[in-house]
Amino acid sequence: MGEATITSTPYDDVFRTLLNDCSSLIIPVINEVFGEAYSGREEIVFSPNEHFLNQQGGKEGERITDTSFKILGEEVKKYHLECQSSTDNSMAVRFFEYDTQIALDEGELKGNVLTVTFPHSAVLFLRCTAATPSRLKIRMVTPGGTAEYGIQVMKAQQYTIDEIFEKGLLLLIPFYIFSHEKQFAEYEKDETKLKALQKEYEQIKNKLEDLLNQGAISEYTRCTIIDMSNKVLEHIAVKYHSVKEGVKSVMGGRVLEYEAKAIREEGIEKGIEKGMEKGMEKGIAEGIKGTVSILKKLDISPQTIMQKLQEQYHLDPEEAKKYLL
């Protein structure tokens with residue numbers, strides 16, 4: 001095996017954490033970027049994000065995609081999302097590498113025909129300028145003809161706080177600070193301007209509280225969004241103490257490692273406990289259904305729910321999956 005090339009940044013880590021731990025946040029982004037109309041109740045099935053790519057000279061390099069997954073709606077669709085702090089000339093090349101490998105992973109060979117299905121791909125740019133493209137395109141010239149497909153572009157800085165909440169794009173909240181990056185030096189020197197920034201984050205915090213009280217998001221999701229916002233802030237404002245501490249004073253300190261994880265685990269345990277109690281009263285099937293219902297309300301991912309059903313009720317994967325439908 002050749003040398004491994006693993007690319008990852010703190011912002012990539014935040015992006016993956018949000019998608020893996022709060023997978024329901026994906027759906028509004030997909031609806032926005034691809035013009036879909038998913039309800040949010042669809043099952044999301046993640047694929048491995050490590051791919052080994054064959055390179056010139058016989059070397060094999062490992063690359064990490066930010067996330068690739070299927071959404072099981074009226075039809076099954078594959079998606080590939082990447083988070084990028086800014087555009088670069090190799091972006092399209094990397095997408096082609098990833099998309100080709102994702103397609104090959106589930107290629108179907110019938111007779112002498114290999115069919116590969118490319119995913120719907122998009123990139124989230126955290127920074128953008130007038131030169132940032134609104135769409136990327138990949139054109140393949142083959143002996144059988146030319147084929148091309150587009151890579152959709154989402155620009156985080158183009159969304160206001162109101163738009164983020166109106167469209168349910170909560171995944172963008174940790175990256176909202178990028179829209180203020182060019183003013184950090186001013187905020188550091190001007191207390192009035194810094195207070196205006198804090199007021200915006202007070203608005204974000206209050207809107208998250210409203211969603212929590214309405215039952216639209218779980219406490220775990222709220223805590224995760226806040227913690228990931230702080231993680232982005234630590235890196236982007238590392239040289240601006242007043243900006244960093246000013247925003248953190250509004251949003252709160254580090255919570256994910258302790259409270260949010262505890263909330264999530266406690267919720268899972270209580271969900272299973274209540275489900276078992278119901279099972280003793282009305283039968284095991286009703287108990288399992290009760291467990292699934294409670295865990296879904298806590299925004300626990302389908303993968304985690306299936307795992308817990310297999311562990312607690314000794315179901316095989318196919319049986320567990322039936323209760324999620």
Side-chain angles (χ1 to χ4, degrees), residues 4-30 33 44 46-53 61-69 79-88 90-91 94-95 97-98 101-102 121-128 154-157 159 164 169-181 204 208 217-218 220-240 243-244 247-248 251-265 299-301 303-304:
T5 303
I6 300 177
T7 56
S8 184
T9 71
Y11 308 132
D12 295 330
D13 293 341
V14 166
F15 188 67
R16 280 195 291 268
T17 296
L18 289 167
L19 295 186
N20 291 327
D21 288 1
C22 306
S23 58
S24 63
L25 300 183
I26 299 175
I27 297 294
V29 172
I30 294 298
V33 175
I44 301 170
F46 287 93
S47 304
N49 63 352
E50 295 87 2
H51 294 283
F52 290 93
L53 306 174
E62 183 182 0
R63 292 286 185 83
I64 295 180
T65 62
D66 281 350
T67 189
S68 60
F69 53 90
Y79 294 93
H80 167 209
L81 300 184
E82 293 287 330
C83 177
Q84 186 79 4
S85 59
S86 56
T87 188
D88 64 63
S90 65
M91 193 81 236
R94 294 203 305 277
F95 259 96
E97 289 179 336
Y98 298 155
Q101 195 61 53
I102 291 168
S121 295
V123 57
L124 170 65
F125 284 124
L126 304 181
R127 297 183 178 97
C128 63
M154 187 180 206
K155 300 175 183 178
Q157 291 179 318
Y159 291 87
I164 286 172
L169 301 173
L170 306 187
L171 184 142
L172 298 184
I173 290 174
F175 306 114
Y176 179 73
I177 192 67
F178 277 86
S179 64
H180 289 275
E181 185 180 16
I204 290 173
L208 286 173
I217 61 172
S218 67
Y220 178 72
T221 296
R222 187 190 72 87
C223 287
T224 303
I225 290 171
I226 290 174
D227 191 65
M228 292 298 100
S229 296
N230 286 334
K231 184 171 182 179
V232 171
L233 187 67
E234 286 285 346
H235 289 277
I236 195 173
V238 66
K239 297 179 180 179
Y240 300 93
V243 172
K244 185 168 58 176
V247 174
K248 285 177 70 174
M251 294 293 279
R254 183 167 181 78
V255 295
L256 183 61
E257 187 174 344
Y258 302 105
E259 290 121 70
K261 289 287 187 187
I263 288 165
R264 183 172 184 263
E265 293 304 319
D299 201 27
I300 306 301
S301 71
Q303 290 74 21
T304 300

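If you take CE on M251 and CD1 on I173, they are separated by 7.0 Å, rounding to the nearest 0.5 Å. For the atom pair D21 CG and I225 CD1, the distance stands at 11.5 Å (nearest 0.5 Å). With rounding to the nearest 0.5 Å, the separation of OG1 in T67 from CG in L18 is 11.0 Å. Note that the CD1 atom of I164 and the CD1 atom of I204 stand 6.5 Å from one another [nearest 0.5 Å].
For P28 against L169, the heavy-atom pair with the smallest separation is O-CD2, 3.5 Å. Of all heavy-atom pairs spanning C128 and Q157, the tightest one is N-OE1, 2.9 Å. In terms of heavy atoms, I26 sits closest to F69 at CG2-CZ, 3.4 Å.
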Using the rule given for side chain to side chain contact (heavy atoms under 4.5 Å, CB included), can you reason through L126 versus V232, listing the C-alpha separation, both sets of side-chain angles and the distance that settles it, and then say yes or no?
CA-CA 11 Å; L126 304 181; V232 171; over 6 Å; no
Before giving the answer on side chain to side chain contact (heavy atoms under 4.5 Å, CB included), spell out for F15 and L171 the whole-Å C-alpha distance, their side-chain angles and the decisive distance to 0.1 Å.
CA-CA 8 Å; F15 188 67; L171 184 142; 3.7 Å; yes
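In this pair, H80 and F95 present their aromatic rings tilted. The plane angle is within the 30 to 60° band. Using cut-offs of 30° and 60° for the angle between ring planes, the F178 and F175 rings count as tilted.
At least one donor-acceptor pair under 3.5 Å links the side chain of N20 to the backbone N or O of R16.
Among residues two or more places apart in sequence or in another chain, the side chain to side chain donor-acceptor pair (under 3.5 Å) test is passed with S229 by none. Every residue meeting the side-chain contact (heavy atoms from CB on, under 4.5 Å) condition with E234, not counting sequence neighbours, appears here in chain and number order: K244, K248. Applying the side chain to side chain donor-acceptor pair (under 3.5 Å) rule to Y79 yields the partners E36, Y38; only residues at least two apart in sequence or on another chain are considered.
K231 places none of its side-chain heavy atoms less than 4.5 Å from the side chain of T17. In this structure the side chain of Y98 never reaches within 4.5 angstrom of the side chain of S68, judged on heavy atoms. Within the 4.5 Å cutoff, the side chain of V243 has no heavy atoms near those of the H180 side chain. Taking 4.5 Å as the limit, some side-chain heavy atom of L81 sits within range of a side-chain heavy atom of I30. Side-chain contact between L172 and L124: present, with at least one pair of heavy atoms (C-beta onward) separated by less than 4.5 Å. In this structure, V33 and V29 have side chains that are in contact, with non-hydrogen atoms separated by less than 4.5 Å.
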